[in-house]
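Here, residue 1 is the first one in the sequence, and each next residue gets the next number. Remember, predicted model here, so these are calculated numbers, not experimental data.
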Amino acid sequence: MINRLLVANRGEIARRVFATCRALGVETVAVHSDADADAPFVAEADQAVRLPGDTPGETYLRVDRILDAARRSGADAVHPGYGFLAENAEFAAAVADAGLTWVGPPAKVIAAMGDKLAAKTLLAEAGVPMLPSWTDTADVTDFPVLVKASAGGGGRGMRIVRDADGLAEAVASAGREAAAAFGDGTVFIERYVERGRHVEVQIFGDAEGRVVALGDRECSIQRRHQKIIEEAPAVVPESVRTALHEAAVAAGRAVDYLGAGTVEFLLAPGGEFFFLEMNTRLQVEHPVTELCTGLDLVGLQLLVAEGQPLPATIPATTGHAIEVRLCAEDASAGWRPAAGTLHRFAVPRVAAEFGGLSGPGLRLDSGVVAGSVVGVHYDSMVAKLVAWGRTRTEASRLLAGALARAELHGVTTNRDLLVRVLRSQAFAAVEIDTGFLDRHSEVFAPLLPAGELPVVALAAALASAAGRRAEARVLAGLPSGWRNVPAVPQVTRFAGPDGGIEVRYRLDRTGALAEWSTDPGTADPTVALVEATPDRVVLDVDGVRRAYRVHRVGSEVFVDGPDGAASLTELPRLPLPTAELAAGSLLAPLPGAVTRVHVEVGQRVSAGDPLLTLEAMKLEHQVLAPIDGVVAELPVPAGGQVRTGAVLAVIDNAEETS
């Protein structure tokens with residue numbers, strides 16, 4: 001029996017496992033890096049052990065330190081979560097050798113499935129359908145193909161190649177990314193199926209040799225080969241579903257599977273499917289299966305790890321569940337991972353966290369709370385929001401509505417993209433595949449239309465004025481900026497998503513909005529002020545009443561309205577002079593390491609040419625020339641570490657002299 005469980009992971013999955021442990025009466029132990037010392041999962045554990053350092057290599061990937069933490073805390077079992085060491089056979093073996101209970105499949109199974117090339121050969125012999133694959137680029141003659149990392153997953157080390165010219169570089173780049181993420185740069189090449197769907201089957205095995213399928217999931221909405229929306233069950237014909245389940249169970253039986261696992265398939269447009277990989281761990285998207293079956297998959301993991309059999313009866317799937325992965329990403333910076341303090345994190349109408357949803361509603365599994373710091377050392381996912389409904393339409397509408405109304409302040413996220421996808425006609429019609437986002441560029445548009453920004457800025461300015469009046473000690477009853485003889489309007493300047501915006505307004509002696517305007521040439525709507533407090537502004541805009549929720553943190557102003565959200569920075573009225581950067585300076589969008597420099601000082605480049613490669617959050621980011629010009633400076637050499645805002649290069653775009 002497991003009495004004290006150490007979770008060798010962090011964030012959302014650690015909190016998820018702890019929730020089940022609390023329900024079962026199992027004591028919990030967290031391990032944490034210095035960067036995570038104040039994270040919610042650390043506070044929620046019964047005990048916590050520090051792993052000195054910030055990076056995964058110093059902390060969560062150190063087998064010796066984790067085993068030492070188990071010894072010091074008196075843990076008798078280890079749950080690996082997902083990511084980090086979850087699919088590391090050496091770690092599983094070390095846990096067992098230390099006399100601890102390993103909550104997962106045996107090391108030999110992890111090793112067999114961790115090598116994707118060996119796994120394909122083994123499972124092909126068990127009758128599981130496979131795509132043709134190659135290890136030598138010289139053998140590839142038909143395109144398109146997909147370059148894949150042999151170890152690991154999560155979309156890292158994957159590249160689509162459509163012609164022979166790009167194959168060598170794709171293999172090299174994928175190998176570097178795989179080596180950085182998994183410590184193994186081995187890659188292979190597989191035939192790429194156009195318009196393919198990513199469908200997976202949840203399996204479970206117990207010590208008595210029983211392997212069962214607990215339903216299936218659709219995971220086709222992906223960006224950079226990483227899933228962002230998952231749902232259960234997959235919308236497929238029942239004959240295809242039956243065949244998928246049979247193939248998944250056959251794969252599990254072929255390796256004597258034990259515990260939770262996922263067999264992933266690529267479903268071709270004609271209904272034919274092929275094995276992709278087996279994940280020997282709990283999946284990020286496991287909540288959709290839990291909501292549709294009523295099972296606690298973490299509870300089943302602990303049950304099986306203790307040597308007990310699976311329940312004799314497996315519940316049927318009911319209703320429909322959809323999950324979105326809310327990630328800290330900046331759309332304006334090419335979807336690079338974002339960092340910062342999450343000043344407010346509020347999702348309306350959440351009925352349960354980490355489980356316990358008993359009917360139609362919303363479940364939130366998050367690694368953060370309001371006030372959490374989202375750093376740059378780990379994966380960019382901060383939370384999962386999951387909806388269960390009686391139908392797919394009911395679930396998607398509920399999820400999109402809550403997500404659109406969520407208050408997410410301080411860190412930019414992919415929220416708008418998720419809402420756009422859920423509300424798209426193509427998603428509603430199940431016209432989905434792994435290339436969905438490549439074909440539907442419209443879903444990348446922000447929820448807030450550009451034309452609405454002036455009114456949002458006005459709401460922010462009025463809320464700020466109301467806040468100042470609320471704090472005033474002299475003549476507090478007068479409207480902000482009021483004069484006996486109207487003169488110049490009040491002016492508030494903001495930096496925002498599309499540069500800057502200036503709001504000019506004047507209130508009369510009753511506090512009504514007498515006049516307002518923004519940038520010259522802008523056709524501002526007719527607006528009447530209904531109510532203004534420091535945190536809520538109600539405006540009548542061309543005869544339509546709109547309420548805006550306003551949250552101010554220092555100079556940052558976050559506005560949530562009926563059409564979307566905006567983050568503005570109120571600029572000082574009398575700014576202090578500051579040193580200016582050299583014209584043409586290219587700044588680091590996030591902290592990381594410069595792994596390669598592709599140009600030299602004095603070299604002429606064109607807009608879009610690669611200048612250098614920045615590695616951050618386990619991913620490679622190409623830094624491209626924004627303009628035509630000559631490379632004037634390259635301050636950071638290959639191997640150098642940079643912080644956000646550091647100058648990476650200076651491009652001189654001055655015309656050449658004769």
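Between Arg336 and Asp330 there is no side-chain heavy-atom pair separated by less than 4.5 Å. No side-chain heavy atom of His286 sits under 4.5 Å from any side-chain heavy atom of Thr262. No side-chain heavy atom of Leu612 sits less than 4.5 Å from a side-chain heavy atom of Val636. Side chains of Leu326 and Leu385 form no contact here, defined as non-hydrogen atoms less than 4.5 Å apart. Side-chain contact between Val623 and Val594: absent, with no pair of heavy atoms (C-beta onward) separated by less than 4.5 Å. By the 4.5 Å heavy-atom criterion applied to side chains, Met381 and Cys327 are counted as neighbours. A heavy-atom distance below 4.5 Å is found between the side chains of Leu437 and Leu417. Between Thr59 and Tyr378, the closest side-chain pair of non-hydrogen atoms falls below 4.5 Å.
Under a cut-off of 6.0 angstrom, the local environment of CZ in Arg545 is sparse, with at most 12 non-hydrogen atoms contributed by other residues, nucleotides or ligands. More than 12 heavy atoms of other residues, nucleotides or ligands shown are found within 6.0 angstrom of CD on Glu442. Shown here is Arg439, whose CZ atom has more than 12 heavy atoms of other residues, nucleotides or ligands within 6.0 Å. Other residues, nucleotides and ligands contribute over 12 non-hydrogen atoms within 6.0 Å of the CZ atom of Arg596.
Going from atom CG of Leu418 over to atom CG of Leu399 covers 8.0 Å, rounded to the nearest 0.5 Å. Distance CG/Asp38 to NE2/His32: 9.0 Å, rounded to 0.5 Å. In this structure, the separation between CG on Leu6 and CD1 on Ile66 is 7.5 Å, given to the nearest 0.5 Å. Rounded to the nearest 0.5 angstrom, Ser464 OG and Glu570 CD are separated by 4.5 Å. Within the model, atoms CG of Leu282 and CG of Leu297 stand 6.0 Å from one another, a figure rounded to the nearest 0.5 Å. Note: Asp438 CG to Asp433 CG = 9.0 Å, rounded to the nearest 0.5 Å.
Glu285 has no carboxylate O lying under 4.0 Å from a charged side-chain N of Lys384, or vice versa, which leaves the two without a salt bridge. A salt bridge does not link Glu177 with Arg156: none of the charged nitrogens is closer than 4.0 Å to a carboxylate oxygen. Using a 4.0 Å cut-off between charged nitrogen and carboxylate oxygen, Lys227 and Glu264 count as a salt-bridge pair. Salt-bridge check for Arg217 with Glu230: failed, with every basic side-chain N at 4.0 Å or more from each acidic carboxylate O. Ion pairing between a basic and an acidic side chain is recognised when a charged N comes within 4.0 Å of a carboxylate O; Arg392 and Glu218 show no such pairing.
The shortest non-hydrogen separation linking Pro635 to Leu648 is CD-O, 3.3 Å. Nearest heavy atoms, Glu12 versus Phe354: O-CE2, 3.8 Å. The shortest non-hydrogen separation linking Ala8 to Val31 is CA-CG2, 4.1 Å. Of all non-hydrogen atoms in Trp388 and Ala395, the two that sit nearest each other are C-CB, 4.4 Å. Of all heavy-atom pairs spanning Ala383 and Ser366, the tightest one is CB-CB, 3.6 Å. Looking at every heavy atom in both residues, Val376 comes nearest to Ala339 through CG1-CB, 3.5 Å.
Residues passing the side chain to side chain donor-acceptor pair (under 3.5 Å) test with Thr492, sequence neighbours excluded: none.
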Just do the side-chain contact (heavy atoms from CB on, under 4.5 Å) check on Val284 and Arg325 with the steps written out, would you?
CA-CA 9 Å; Val284 177; Arg325 300 189 189 189; 3.5 Å; yes
Any chance you could lay out the side-chain contact (heavy atoms from CB on, under 4.5 Å) test for Ile160 and His225, step after step, and finish with the verdict?
CA-CA 10 Å; Ile160 297 174; His225 309 295; 3.6 Å; yes
Does the pair Phe345 and Leu364 meet the rule for a side-chain contact (heavy atoms from CB on, under 4.5 Å), with working shown?
CA-CA 11 Å; Phe345 182 64; Leu364 178 67; 4.0 Å; yes
Trace of the side chain to side chain donor-acceptor pair (under 3.5 Å) decision for Ser173 with Arg159:
CA-CA 8 Å; Ser173 176; Arg159 303 287 189 276; 2.8 Å; yes
Which is it for Val29 and Gln47 under the side-chain contact (heavy atoms from CB on, under 4.5 Å) test, yes or no, and what are the steps along the way?
CA-CA 5 Å; Val29 180; Gln47 298 185 51; 4.3 Å; yes
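Between the side chain of Asn9 and the backbone N or O of His79, no donor-acceptor pair lies under 3.5 Å. Side chain of Arg423 to backbone of Val419: no donor-acceptor contact under 3.5 angstrom is found. The main-chain N or O of Glu329 is found under 3.5 Å from a side-chain atom of Thr412 such that the two form a donor-acceptor pair. Between the Thr20 side chain and the Val17 main chain, no donor and acceptor come within less than 3.5 Å of each other. The main-chain N or O of Asp563 is never found under 3.5 Å from a side-chain atom of Arg546 such that the two would form a donor-acceptor pair. With hydrogens and angles ignored, the 3.5 Å screen pairs a side-chain donor or acceptor of Arg415 with a backbone N or O of Ala406.
For residues 39-60, the salt bridge (charged side-chain N to carboxylate O under 4.0 Å, His left out) pairs, not counting sequence neighbours, are Arg15-Glu44, Asp34-Arg50. Residue pairs meeting the ring pair (Phe, Tyr, Trp, His ring centres under 6.0 Å) criterion with at least one member in residues 393-425, sequence neighbours excluded: His409-His551, His409-Phe558.
For the pair Arg420 and Phe427, the cation-pi test (distance below 6.0 Å, angle within 45°) is failed.
Asp36 and Tyr60 share a donor-acceptor pair across their side chains, judged by distance under 3.5 Å alone. No donor-acceptor contact under 3.5 angstrom links the side chains of Arg224 and Gln222, judged on distance only.
In summary, of the residues considered (Val411, Leu342, Val373), a side chain to side chain contact (heavy atoms under 4.5 Å, CB included) with Val368 occurs for Leu342 alone.
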